[in-house]
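What you see is a predicted model, and the numbers here were worked out from it, not measured in a lab. By convention in this document, chain letters (A, B, ...) are assigned in the order of the sequence lines, proteins followed by strands, and residues within each chain are numbered from 1.
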There are 2 protein chains.
Amino acid sequence: MEKKKRVTIYDIAKHLGVSGTTVSRALSDHHSIGDKTKKAVLQAAKEMGYIPNTIAAGLRKKQTNTIGVLIPWINRPFISSMISGIEEVANDAGYNVIISQSCDSYKKEVANAETFFSNRVDGVIASMAMETEDFSHFNLFIDNDIALVFADRVGKNLPQDKVMIDNFAAAFEATEYLIHSGCRKIVHFTGAPNREIYKLRRAGYQDALEKNGIPYDEKLVFSGLLSGEEGVRNAKAILELKELPDGIFSANDTVAVHAMIELKKAGLKIPDDISFIGFNDDPIASIVEPQLTTVSHPALEIGRSSARQIIKRINAKHSSPPENIVLPTQIIVRESTRKLVKSVPPK
Amino acid sequence: MEKKKRVTIYDIAKHLGVSGTTVSRALSDHHSIGDKTKKAVLQAAKEMGYIPNTIAAGLRKKQTNTIGVLIPWINRPFISSMISGIEEVANDAGYNVIISQSCDSYKKEVANAETFFSNRVDGVIASMAMETEDFSHFNLFIDNDIALVFADRVGKNLPQDKVMIDNFAAAFEATEYLIHSGCRKIVHFTGAPNREIYKLRRAGYQDALEKNGIPYDEKLVFSGLLSGEEGVRNAKAILELKELPDGIFSANDTVAVHAMIELKKAGLKIPDDISFIGFNDDPIASIVEPQLTTVSHPALEIGRSSARQIIKRINAKHSSPPENIVLPTQIIVRESTRKLVKSVPPK
DNA sequence: TTTATTTACACAATCGATTGCGTAAAAGTT
DNA sequence: AACTTTTACGCAATCGATTGTGTAAATAAA
């Protein structure tokens, strides 16, 4: 498509017989421009249909008012809500949001990081791919003073701001909830162990077991991509076990729900035969029957908080030590767990 | 955050003792640059950590390789899948995707359109807000030769490319499916009538009724935002009816599923007392019990197709008449409908 | 009235890459 | 040997907005 001439500040300048400088300053309400001139410029700009060229301004000002968001997948309830939160805060603050999915691939993540840099985003909010083990591609931002905030799927030992939940505590509580409702043999569904969040949830699970005198058993941990199909596979594997578990703590809802459905098909009663606790509080959690007890994940708030943090960093005059923002989670008790037989100890 | 100096082509040029022109051309593999020079430039670029400044190039070339995506909400299964499809195709073609949600608000949609223009996106894929009735904000793109493709929620009578499904036919088939499975009193849940897609679905519903000798009854059409809460409200309203309907065709799954659950609570059997057909095939549709029969909406494919179309337009030398891309839908028969008592007539 | 200050604006460089045009040297042609 | 063509590269303008510096004129202060 051939490019048409767009209205620039010089068109306005010529129209009014002033300089481009004056127009630029009038538009940004600079003090050294007279009131009549300002009014005239604003008026002319409106009449002529002037819309500023952010690209040109960005080149000069070395800022684009753009935030890059690097996430594994966009079409997942948790992540799209997070993005929604980012969008909301960023837009209100005058920032644009550009989004790239890594599809959980390390290579794509690296490529996307370069693209963001190439587009000179002012800041990056990243949630890492399952595959990612090496973090050196983020040096692109760090070395070039581009603000960087990790959200949810954060890196370990990286000196950046992080916005996340307390995965260990959440998993500990969820597992203990199962124990307190009478479960003794608890299976855990987990994701790739190079993602800290899954490692921590698993650790919380393990710790809760041990604190309650239940031996931790490797064979009860099912690791993978946490997809729906995996839920079905996991369920089938569970049915093969010589002794069935009486509780399942899953690192996400998708795999939990699909496993639940499969186990129901096999005639098991939930929560009586097996109790379930999921993670995320996806829409499906409250639709499945029985409704899934799950750990709420404040997706929107993580998004909002990350956006606020990155904007703070972008505008900061000096660097300051990385912050760790931890958002609260809570167990949403529904129908896939039994009543507590023992009251939950005070925190 | 203060800006650091980044490596530019001039740094490379100085380093090698050539001109910026040569570096620029070497990097873009221009024929007039010697092989040794090219290699030297590439080498130096790599060593010095050069990453092109797309902003600067965009200013000069008057293209940003960016596609703006204007959607009502990002955190909805259908839309996030659509975006995923757009992303996939766009990224492969070297385009970035910048996303703005209108939150179904006309005002935000207009503001977002201006932002896109201000950022000089090469093309825009838009799915309109529920509120939008006036389309003049899109003239910004049309008048300035910025490619524009409408996806899913398209405008009526707008001379732009559209990627969508045949809403009328899909609704007709869905309604007729209910009729052929024995339903005689069919309720319809619909969205804002200024969105063509809902108008068409409603028209398809009406037409199917009339073609099958069932009188169309205004009072059986529930219009709104198609949210979950609305499903509950609708269900309650239905229970107040003097004569219960025996089928419900819903313009989305969310409202259908929540209504279904509410009706189940009231003791109604689905599909025996009331059959349900939804729209979209959201994840919840296959989780609810009984699983929801629904019309599949090829979200990913709509996204991919829109992206392909916008890229085609961006690269087109001359304008050509608008295209209407209609993607197939299909009824996913699950458990919320009864068996057909009459075979579906051949199309 | 003179000096200092403020007001209101313009000049020109700058951001980083691209590109039309120009040119010297090398290679090829008669 | 004289001429044409090709190869390889540089100059300088350009994209559109921003901004440090300079400078008249108007106003205020001395």
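Between the CZ atom of A/R120 and the C1' atom of C/dA17 there is a distance of 11 Å, given to the nearest Å. B/H31 has its NE2 atom 10 Å from the P atom of D/dA8, to the nearest Å. The distance from atom CD of B/Q63 to atom C1' of D/dG16 is 16 Å, rounded to the nearest whole Å. One atom, CG of B/N53, and another, P of C/dT18, lie 10 Å apart when rounded to the nearest Å. Rounded to whole Å, the distance from CG on A/L59 to P on C/dT18 is 12 Å. Residue B/K61 contributes atom NZ, which lies 12 Å from atom P of C/dA17 at whole-angstrom precision. Rounded to whole Å, atom P of D/dG16 lies 10 Å from atom OH of A/Y50. Rounded to a whole Å, the CG atom of A/D29 is 14 Å from the P atom of C/dT7.
Interface remark: the A/R60 side chain does not form any donor-acceptor pair with the D/dG20 base, using a distance-only criterion of under 3.5 Å. Between the side chain of B/T21 and the base of C/dT19, a donor-acceptor pair under 3.5 Å is found.
Among the nucleotides C/dC9, D/dA17, C/dT19, the one closest to the side chain of A/A57 is D/dA17. Residue A/R25 places its side chain closer to D/dT21 than to any other of C/dT19, D/dT21, D/dG16. For B/T37, the listed nucleotide lying nearest its side chain is D/dC9; candidates were D/dA17, C/dG16, D/dC9.
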Do any side-chain atoms of residues 7-14 of chain B form donor-acceptor pairs under 3.5 angstrom with protein atoms, and if so which ones, sequence neighbours left out?
unit_1, atom_1, unit_2, atom_2, d
B/T8, OG1, B/Y10, N, 3.0
B/T8, OG1, B/D11, N, 3.4
B/D11, OD2, B/T8, N, 2.8

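For the contact set between residues 9-18 of chain A and DNA chain C, defined by any heavy atom under 4.0 Å, the members are A/G17, A/V18.
No side-chain heavy atom of A/N96 sits under 4.5 Å from any side-chain heavy atom of A/N65. Here the side chains of A/T54 and A/T64 are not in contact, with every heavy-atom distance at 4.5 Å or above.
Using a 4.0 Å cut-off between charged nitrogen and carboxylate oxygen, B/E133 and B/K156 do not count as a salt-bridge pair. Using a cut-off of 4.0 Å between Lys/Arg side-chain N and Asp/Glu carboxylate O, A/R153 and A/D104 are scored as salt-bridged. Of the charged side-chain nitrogens involved, none lies within less than 4.0 Å of a carboxylate oxygen, so that B/K108 and A/E88 do not count as a salt-bridged pair.
Contact between the side-chain N/O atoms of B/T8 and the OP1/OP2 oxygens of C/dG16 is not found at any separation under 4.0 Å. Phosphate contact (OP1/OP2 of C/dT14, side-chain N/O of A/K62, threshold under 4.0 Å): absent.
Listed for the B/R313 side chain is no donor-acceptor partner under 3.5 Å among the backbone atoms of B/I146.
Nearest-nucleotide mapping onto DNA chain D: of B/A56 and B/S32, the residue sitting toward the 5' end is B/S32.
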